[in-house]
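Just below is one structure, and these are the notes that go with it.
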Amino acid sequence: MLGHTSVTMRDGGPADAVGGQVPRWVALPESVEEISVVLGACADAGLAVTPAGARTKLCWAAPPERLDVLLDLSAMHDVLEHVAGDLVVRVQAGIPLARLAEVLAKAGQELALDVPFPGATVGGTLAAPSPGPRAYRYGNARDLLIGVTVVLADGTIARAGGKVVKNVAGYDLGKLFTGSYGTLGVIAEATFRLHPLPADRRWLTFECEGWEDAGALLRSQLEPSAVEIDHPAEGLTTVAALFEGPAARDRAEAARDLLGGGELRDDAPSWWSRPPGLPLASLRCHVAPYVPEGVSVRGSLATGVYLASGTGDLDAWRSRLPADARLVGLAGDFTGDRWGPIPSLPLMRRVKERFDPERRMSPGRLAGGV
Amino acid sequence: MTVFDRLEAIFPPDRVITDPVRLRTYECDGLTYHRATPMVVVLPETAAEVAAVVKVCAEFGMPFVARGSGTGLSGGALPRSDGVLIVTSRMRRILSVDLDRRQAVVEPGVTNLAITEAVRDRGYYYAPDPSSQQICSIGGNVAENSGGAHCLKYGFTVNHVQALEIVTPEGEIVEVSEDDFGYDLLGAFVGSEGTLGIATKITVRLLRTPEAVTTLLAAFENIEAGGQAVSSIIGAGIVPAAIEMMDALAIEAAEAAVACGYPPNAGAVLIVELDGPAPEVDAQLAEVIAICVATGSFEQRVAASADERAKIWRGRKSAFAAVGRISPAYIVQDGVVPRTSLGEVLAGIDALQDEFGIRVANVFHAGDGNLHPLVLFDDAAPGEGERAEVVSGRILDLCIVHGGSITGEHGVGVDKARYMPRMFTDADLDTMQRLRCAFDPGGRSNPGKVFPTPRLCGEVPRVRKGSPGEIF
């Protein structure tokens, strides 16, 4: 059937595996319509599909229960529309964020998302969001997304939102698909609000022992864009705050005075916006977290969203965290329940049933077999 | 047992309203030309009571509508004459404030401004600020994803809500949080206009009050020059807290209503508010003034105090009500266009005024292209109301043609459901309906709003099977 179309196909191999599942085929669509053709054909044949971008986070979350076709979006890498005066850009989902940043920088603009994983694409960043330092100031991918084109399991092409920043018409399917790990359909195109590149950037870093909450900084009116902690399994902890804007230097200096010390620098520390290593877990905790021995934690003191790495049992760690903290195993080997409590899971399950009743889109990637 | 019996078993008599005269209090929200008398009104005080009512509705197959303060402008809280109206005005406790975590947990009936008032003296505030913030409820803000003048820099309700406790249309109490791993159900719920359930507990983000705030009023000879200033400010990489514009007719109305003292011969005024760390605000203010002068502004006033700032804002914030001074009746429109299309769209609105002999006062959030044209008419003059309706609809068409939206912050509600197919395809709307059906398979939660035709939750699509070999 696909022989009648121009969609590029090849056989899958070990390099295409997702969590040990080797797909039988890899499809390389070049347009929304081609994604629709592939998904329609897969629906006819009852084939299971997993979308992929740069594959930097394909190993995150649970492996799919079954996988016939890997839908590789790397050929969809174009900027479709960038109206600098509107601070808006529309792109194909397979474009790497780094390439998009190059295009936008020419207009003095940026998509204010940090990219912890080099090569990561727009689609992958939406489907499998990873926290970045500046989420404190600019929000996460979902906050900057203003429009989306998705293709559902049956090949239906649907759009939501638009290309204006302010818009409350209809359901925000873009947000629904954020964090969906390919289980609802394929994110094919996305439109984002942009920000002007800041006139200046300064970091203030300081070292300390144990955990540090940087509370004085967060209670101040100095408005850091990010306040990050690097808490290694062994050795000193480092805290780094980022100040952006025309008066970044003044504010960084004021912060140093407030905290009674620290080093001012005009580049980020080496660990800034980098995952701490494998095995990797997502930690969300809004008070100073308990950190087990041998575990390193990096992330935002301002938002309470961290990545953690190290051996250890997730259940044992969870039992030492506040009830509203969340600890999820993302990648690598660990023991204990990967997910922990997800109170809205029953609703997620119902959404999955409506969007993918045949359970062919990355089935089982999320908690509870969703 | 009737529905009334069941509700009277849940609530004390003073919290179930069946008296026809009292029911009429609730027959509309801020969109007053759509009215319906609800069958019964209940005033729950807890999530458990909300859930109990919703379960009764499920049992009897009855629709229900949630209502906060009833200030919505799209008829989202328009009751159903065959259903229950669930009013959250008794749920107005601020449950907790945690400044270390910069968050507050509140009940849905709490007013928007009350959150800020609870933390202002400690140097914090809640950012979204719809014009009705003194009376509108946070539950209504969540349903509508409310914005306000300052959302240019700070975003909308959805960017400031961290978690919700909701009562689903099936009557379950469920928490959705930004910390949940998986679908962003929180983001999908905010702005769903009451069609996915009722929020009964809302966790909001609090922000530290900015060190400096400064407000500039700049007068221009015409709206084109003001628009050019807006483009140049944005082009210079400045993100003000707010950029608002009013045209001559809107200025005239505001002057008549509140004597705001804007420059009398201005064809347009721009209000630019900058906030943040003091050195940054100082630098940007100088730049903004220079841009305004360069684009033809003949007068600039900088508010030197909180009082002066309030005075500048008074004209803008009173604008909607103020047009009542210059016109017997008016329609408040809420369209959005890409900022770069503002000039063309305003010219298009001018042409509509001439074509239909209807005056339009323009008030808008210029920074994000959100227009609030006020379509003026005399409801006593035969045919004028109809012509005003046509002009109002044609303005939305202009917005859509230029790649914009039919609503930036007031919601679709009952008012604009018929315009949805002009912005979205059937496939788009059917896909949205899948979400609706996941939450509300019975279609009982605020039916008739947002979506144009009754879309039922049918059977899931049939399973098609073929042999993979035939395909690849």
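We name chains A, B, ... by the order of the sequence lines, and we start the count at 1 in each one.
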*Answer yes or no: is there a donor N or O on one side and an acceptor on the other, between the side chain of B:Arg436 and the main chain of A:Tyr171, under 3.5 Å?*
no

*Contact origin within B:Glu144 toward chain A - heavy atom pairs under 4.5 Å*: backbone

*asked:* Need one label for B:Ser231: side chain, backbone, both or neither, based on atoms under 4.5 Å from any heavy atom in chain A.
replied: neither

*B:Glu178/A:Arg142 ion pair, N-O < 4.0 Å*: no

*asked:* If we ignore hydrogens and angles and just use 3.5 Å, is the side chain of B:Arg102 paired with the main-chain N or O of A:Ala302 as donor and acceptor?
replied: yes

*Check whether B:Met420 gets within reach of chain A through its side chain, its backbone, both or neither, counting any heavy atom under 4.5 Å.*
side chain

_Working to the nearest 0.5 angstrom, can you tell me the gap between A:Asp86 CG and B:Leu342 CG?_
9.0 Å

_Closest non-hydrogen atom pair, B:Gly182 against A:Leu366_ = CA-CD1, 4.1 Å

*What option among B:Asn370, B:Asn145, B:Val450, B:Val176 has the most heavy-atom pairs under 4.5 Å with chain A?*
B:Asn370

*asked:* Out of A:Asp250, A:Leu184, A:Leu218, return the one with the most heavy atom pairs under 4.5 angstrom to chain B.
replied: A:Leu184

*asked:* Shorter than 4.5 Å, heavy atoms on both sides: which option in A:Thr183, A:Asp172, A:Asn140, A:Val305 has the most such pairs with chain B?
replied: A:Thr183

*Can you tell which part of B:Val158 gets under 4.5 Å to a heavy atom of chain A, answering side chain, backbone, both or neither?*
both

*Note, B:Met432 side chain near A:Leu173 side chain (heavy atom, < 4.5 Å)*: yes

*At a heavy-atom separation under 4.5 Å, does A:Leu145 approach chain B through its side chain, its backbone, both, or neither?*
neither

*asked:* Checking B:Glu211 now: which residues fulfil side chain to side chain contact (heavy atoms under 4.5 Å, CB included) with it, not counting sequence neighbours?
replied: A:Gln221, B:Pro277, B:Ala278, B:Pro279

_For B:Gln103, which atoms come within 4.5 Å of any heavy atom of chain A: side chain, backbone, both, or neither?_
neither

*So which part of B:Ile166 gets closer than 4.5 Å to some heavy atom of chain A, the side chain, the backbone, both or neither?*
side chain

*Winner by heavy-atom pair count (cut-off under 4.5 Å) against chain A, out of B:Pro338, B:Ala427, B:Ala188*: B:Pro338

*Can you tell me how far the CG atom of B:Asn159 sits from the CG atom of A:Asp143, to the nearest 0.5 Å?*
4.5 Å

*Heavy-atom distance under 4.5 Å between the side chains of B:Leu435 and A:Val351, does that happen here?*
yes

*asked:* Given heavy-atom pairs under 4.5 angstrom as the criterion, report whether the side chain, backbone, both or neither of B:Tyr183 touches chain A.
replied: both

*For each of A:Ala247, A:Ala169, A:Ser180, A:Ser220, tally heavy-atom pairs with chain B at distances under 4.5 Å, and name the one with the top tally.*
A:Ala169

*Contacting moiety of A:Phe355, where chain B heavy atoms sit under 4.5 Å*: both

_Quick check on the interface: out of B:Phe156, B:Phe181, B:Tyr124, B:Tyr419, who has the most heavy-atom pairs with chain A under 4.5 Å?_
B:Phe181

*Given the options B:Gly408, B:Ser74, B:Gly411, which has more heavy-atom pairs under 4.5 Å with chain A than any of the others?*
B:Gly408

*Heavy atoms only: give me the nearest B:Cys457-A:Arg354 pair and the separation to one decimal.*
CB-NH1, 4.1 Å

*Non-hydrogen atoms of chain B under 4.5 Å away: do they reach the side chain of A:Leu197, the backbone, both or neither?*
neither

*Could you tell me the separation between the CD atom of B:Glu280 and the CD atom of A:Glu244, rounded to the nearest 0.5 Å?*
9.5 Å

_Flag, side chain of B:Arg339 to backbone of A:Gly85, donor-acceptor distance under 3.5 Å_ = yes

*asked:* Between B:Glu193, B:His410, B:His365, who has the most heavy-atom pairs with chain A when the cutoff is under 4.5 Å?
replied: B:His365

*Taking the side chain as every heavy atom from C-beta outward, state whether A:Leu176 and B:Asp184 have any pair of such atoms under 4.5 Å apart.*
no

*Looking just at side-chain N and O atoms, do A:His286 and B:Asp179 make a donor-acceptor pair shorter than 3.5 Å?*
yes

*State plainly whether the residues A:Arg193 and B:Asp368 are in salt-bridge range, i.e. N to O under 4.0 Å.*
no

*Are the charged groups of B:Arg434 and A:Asp154 less than 4.0 angstrom apart, N to O?*
yes

_Rounded at 0.5 Å granularity, tell me how far CZ in A:Arg159 sits from CG in B:Leu429._
13.0 Å

_side-chain hydrogen bond (donor to acceptor under 3.5 Å, both in side chains) partners for A:Ser362, two or more places apart_ = A:Thr50

_I'd like to know which of B:Val190, B:Leu207, B:Thr195, B:Asp282 tops the heavy-atom pair count under 4.5 Å against chain A._
B:Thr195

*With chain B, which of A:Asp213, A:Val164, A:Val168 has the greatest number of heavy-atom pairs at distances under 4.5 Å?*
A:Val168

*Measure distances from B:Asp100 to the heavy atoms of chain A and classify the residue's part below 4.5 Å as side chain, backbone, both or neither.*
side chain

*asked:* Any side-chain to backbone donor/acceptor pair from B:Asp180 onto A:Ile342? Under 3.5 Å, distance only.
replied: no

_B:Met423 and A:Asn167, any side-chain heavy atoms less than 4.5 Å apart_ = yes

_Counting heavy-atom pairs closer than 4.5 Å to chain B, which one of A:Val83, A:Thr156, A:Leu152 comes out on top?_
A:Leu152

